[in-house]
2 protein chains.
Amino acid sequence: MANIQQIAQKAGVSVATVSRVLNNATSVTQKTRSKVESAIKELNYEPSMLGRNLRKSESRLMLVLLPSISNPFYNEIINGIQNTAISNNYNILLCETDSKPERENIYFNMVKNKLADGIISMDPTVNMQKLNELAENHPVILCSEYEEGGCIPYVTIDSELAAYQAVKHLIKLGNEKIALITSDEKFLYARLRRAGYERALKEFHLPIREEWIYHTKELEFQNGVQAMRILLQLEEKPTAVFAVSDTLAIGALKALNGGLKLPHPIAVVGIDNISFSNMTNPTLTTISQPMYKMGLLAAEMLMDRMKGKKVESMILDHELIIRESTMG
Amino acid sequence: MANIQQIAQKAGVSVATVSRVLNNATSVTQKTRSKVESAIKELNYEPSMLGRNLRKSESRLMLVLLPSISNPFYNEIINGIQNTAISNNYNILLCETDSKPERENIYFNMVKNKLADGIISMDPTVNMQKLNELAENHPVILCSEYEEGGCIPYVTIDSELAAYQAVKHLIKLGNEKIALITSDEKFLYARLRRAGYERALKEFHLPIREEWIYHTKELEFQNGVQAMRILLQLEEKPTAVFAVSDTLAIGALKALNGGLKLPHPIAVVGIDNISFSNMTNPTLTTISQPMYKMGLLAAEMLMDRMKGKKVESMILDHELIIRESTMG
DNA sequence: CTGAAAGCGCTAACAA
DNA sequence: TTGTTAGCGCTTTCAG
C-alpha cells in the first residue's frame with residue numbers, strides 16, 4: 001500500500017500538497033493537482049484514515065448501544081441514526097450489549113480510547129452511573145429510555161401518556177377488566193407505562209388488581225405468550241390486555257388464538273408499531289412511536305454535542321393505531 | 001486526557017516501560033509496574049487506540065455488509081459474528097447498504113483506508129466485481145449469498161436442496177398446484193431455490209406454470225402480501241405456495257387469512273425460520289437455516305484470513321420445520 | 001530490566 | 001501557491 005510520501009515523491013511535490021489535494025483545499029493550482037491526481041491513480045493510493053484520525057484525534061464513529069437487535073423496535077430508529085450519521089460523514093457502530101455489563105464496558109472503553117467519538121444509548125439495562133461518568137468527558141445521548149432528572153440529553157416519547165391513551169381506548173370499548181403485561185420495573189419506561197395504565201383505570205373507577213399485572217423477564221415474543229397463558233389461568237380473567245411492547249402483545253395474541261374458547265375475544269393493545277404488528281392475525285392495535293425521527297434527532301443531538309454545542313432533550317408525539325385486535 | 005508521556009513522567013520511567021505495562025509484557029519488575037499503575041490511576045489515563053492502531057496498522061474492526069437490518073434473518077447471524085468477534089478482541093461495524101451502491105462504496109473505502117481490517121458480506125445486491133477487486137488486497141468473506149465459482153470464500157446452505165425439500169413436502173401432502181414466490185433472479189439464492197422448486201415438480205411430473213411463479217421486488221412482508229393477492233386472482237389458483245423467505249411467506253399467510261373463502265386452505269412454506277415464523281396464525285412451516293453457526297463460522301473464517309491463512313468455503317445443513325401452515 | 005529514539009501516515013502552522 | 005517541519009500517541013528495535 002502506497003503512502004502519502006510516495007505520492008509526493010512520484011508527483012514531485014511535498015506531502016503537504018498531496019494532503020491539500022486530498023482534502024480539496026482550494027489553494028492548489030490545477031496543474032499541481034493533476035500531477036498529484038495522476039500519481040494517486042498510478043500507485044492506486046488510498047489515504048489511511050488511521051493517520052488522519054490520530055492527527056485529528058477523532059474517529060468519526062458513533063456508537064449505538066442497544067440490548068439486542070432482535071427487537072424490531074430498534075430497526076427504524078437505527079435507520080434514522082444511520083442516515084443522519086452518513087450524511088454528516090459519520091459511521092455508526094451497532095453495539096449489542098445483550099444486557100451484559102462486560103459488553104457495555106467494552107463499548108464505554110472504545111469511547112474513552114478515542115476509538116469512537118460519542119455514544120447513543122437505547123439500552124434500558126445500561127449502567128446509568130457509568131454512563132453519567134462517561135458523559136462528563138464525552139458526548140452521550142439517550143434515545144427512548146432515559147433518566148428522569150439526569151443530565152444526559154435524551155429524545156423519547158411520553159410513555160405515561162401513551163399508556164394512558166392505550167388503556168383508555170380499551171375502556172371506551174367497554175372493557176372493565178384490563179390486564180397489564182409489562183417488564184421489570186427497574187426500567188423507567190415500564191414504571192411510566194404502568195403509571196399511565198393506573199391513571200386510566202382510576203379515572204374510570206376501575207379496579208387495579210395485582211393479579212392482572214404480569215411482569216416479564218424480557219421482551220421476546222415468548223415472554224408475551226407465557227404472560228398471556230398465566231392470565232388465562234386466572235379465575236377472574238381479564239377481558240382486555242395492554243402490553244408495554246408490540247413483541248409482548250404479539251406473543252399474547254399468539255397465546256390467545258388457538259387457545260381455549262372464550263365467551264368474548266380478549267382485546268390486545270401494544271406499543272411501538274413494529275412492522276410485524278400489521279402481519280399478525282388479528283392485526284395489532286398499537287401506539288406508534290416516531291422511531292425514524294427519534295433516531296434522526298438523537299444523531300443530530302449527538303453531533304451537536306460533539307461540536308461542543310448544548311442540546312435540549314425532546315419529547316416526541318405518538319399516535320394510537322387502531323387495528324383488528326381491539327375490534328372484537 | 002492524559003497521554004503516555006505524562007504517565008511516564010509521573011511514574012519516573014520511560015514511555016517504553018509504560019507501554020510494556022499496558023501490554024502486559026513480562027519484562028517489567030513488580031516495583032516499576034506498580035509505579036506505572038498508580039500513575040495511570042492517578043491521572044485517570046486511558047490509552048488511545050488511535051495511536052496504537054496507527055502504529056500497528058490495524059483497526060480490529062470488521063465490517064458486516066447487509067442490505068437491511070429489518071430482515072430478521074440477519075439477527076442470529078449477526079449474533080454469531082459478534083460473539084466470535086468479541087471473544088477475539090474484534091468489533092463489528094454493521095453496514096446497511098439499503099442496496100445503494102454509494103453506501104457500499106463508503107464501506108469498501110473504509111477497508112481500503114485501513115479503518116476496518118476485513119469485511120463479511122451478506123448482501124445479495126453487492127457489486128461482485130468491486131468486491132472481488134477488494135478481496136485481492138483485503139480479507140473478505142461471503143455469508144449466505146455467494147458467488148458460484150468465485151474466489152471469495154463463503155459459508156452458506158444448499159439452497160437448491162432446501163427448496164427441493166420444501167416443495168417435496170408440499171407434494172407429499174397431496175398438492176399438485178404449487179406456486180413459487182421468489183425475488184429477483186439476479187440473486188443466486190433465488191435462482192437456486194427456483195431450480196430446487198422445479199426439480200421437485202419435475203420429479204413428480206407436475207406442471208411448471210409461469211403464472212404460478214411470482215417475482216417480488218424486495219423481501220418485506222408487504223411484498224409477500226402483494227404476491228399472494230395476485231396468485232389468488234388467477235383463474236386456476238394454486239393449492240400451495242413456496243416462498244423463498246419467511247418474510248414473504250408470512251406476508252402470503254396474511255393475505256390468506258381474512259381473505260376470500262377457499263374450498264381448501266392454501267399450504268405455505270418459507271425459508272429461514274425467523275423468530276416471527278412461530279408467532280403467525282397459523283404458524284409457518286419453514287426450512288431452518290443454522291444462522292448463528294453461519295455467523296460464527298464466517299467470523300472465524302475472516303479472522304483466519306486476516307492472519308493470512310487460507311480458508312475453505314463451507315456448506316451447512318438445514319432442516320425442515322413442519323408447523324401449522326402445512327397441516328390443513 | 002529499562003531507556004532512547006525511530007517511525008506508523010497524516011495534517012496544519014509557519015515560512016518562503 | 002507550495003514546502004518544511006513538528007507532532008498526534010503509541011509500539012518496538014536496539015543499546016545499555
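Here is how names work: the chains are called A, B, and so on, in the same order as the sequence lines, proteins then strands, and each is numbered from 1.
- Set against D/dG3, C/dC10, D/dT12, the side chain of B/A16 has D/dT12 as its closest nucleotide.
- The side chain of A/S48 contributes no N or O atom lying less than 4.0 Å from OP1 or OP2 of C/dG9.
- Rounding to whole angstrom units, NZ of residue A/K112 and P of D/dG9 are separated by 18 Å.
- Going from atom CG of B/N105 over to atom CG of B/N127 covers 8.0 Å, rounded to the nearest 0.5 Å.
- If you take CG of B/N53 and C1' of D/dC8, they are 13 Å apart, rounded to a whole angstrom.
- Nearest-nucleotide positions on DNA chain C place A/A2 closer to the 5' end than the other of A/A2 and A/R20.
- The separation between A/L115 atom CG and D/dG9 atom C1' is 13 Å, rounded to whole Å.
- Look at NZ on A/K56: it is 21 Å from P on C/dC8, rounded to the nearest Å.
- Defined by atom type and a distance below 3.5 Å, a donor-acceptor pair is present between the side-chain atoms of A/N79 and A/E76.
- Side chains of A/Y189 and A/T156: a donor-acceptor N/O pair is absent below 3.5 angstrom, by distance only.
- The distance between atom CG of B/N3 and atom P of D/dG7, rounded to the nearest whole Å, is 13 Å.
- Between the side chain of B/D117 and the backbone N or O of B/M62, no donor-acceptor pair lies under 3.5 Å.
- We find that CG of A/L54 is positioned 7 Å from P of D/dG9, with the value rounded to whole Å.
- B/S14 and B/A8 get closest at one heavy-atom pair: C-CB, 3.7 Å.
- Using a 4.0 Å heavy-atom distance criterion, B/L50 is classed as making no nucleic acid contact.
- Heavy-atom distances under 4.0 Å link DNA chain D to A/S27, A/V28, A/T29, A/T32 of residues 25-35 of chain A, given in residue order.
- Backbone-only contact: A/T17 has heavy atoms under 4.0 Å from sugar-phosphate atoms and none from a base.
- At a cut-off of 3.5 Å, with distance as the only test, no side-chain donor of A/K114 or A/N53 sits close to an acceptor on the other residue.
- Between A/I120 and A/I81, some side-chain heavy-atom pair lies under the 4.5 Å cut-off.
- Residue contacts for B/N23: at a heavy-atom cut-off of 4.0 Å it reaches the sugar-phosphate backbone alone, with no base atom in range.
- When heavy atoms are screened at a 4.0 angstrom cut-off, A/V13 is found touching the sugar-phosphate backbone but no base atom.
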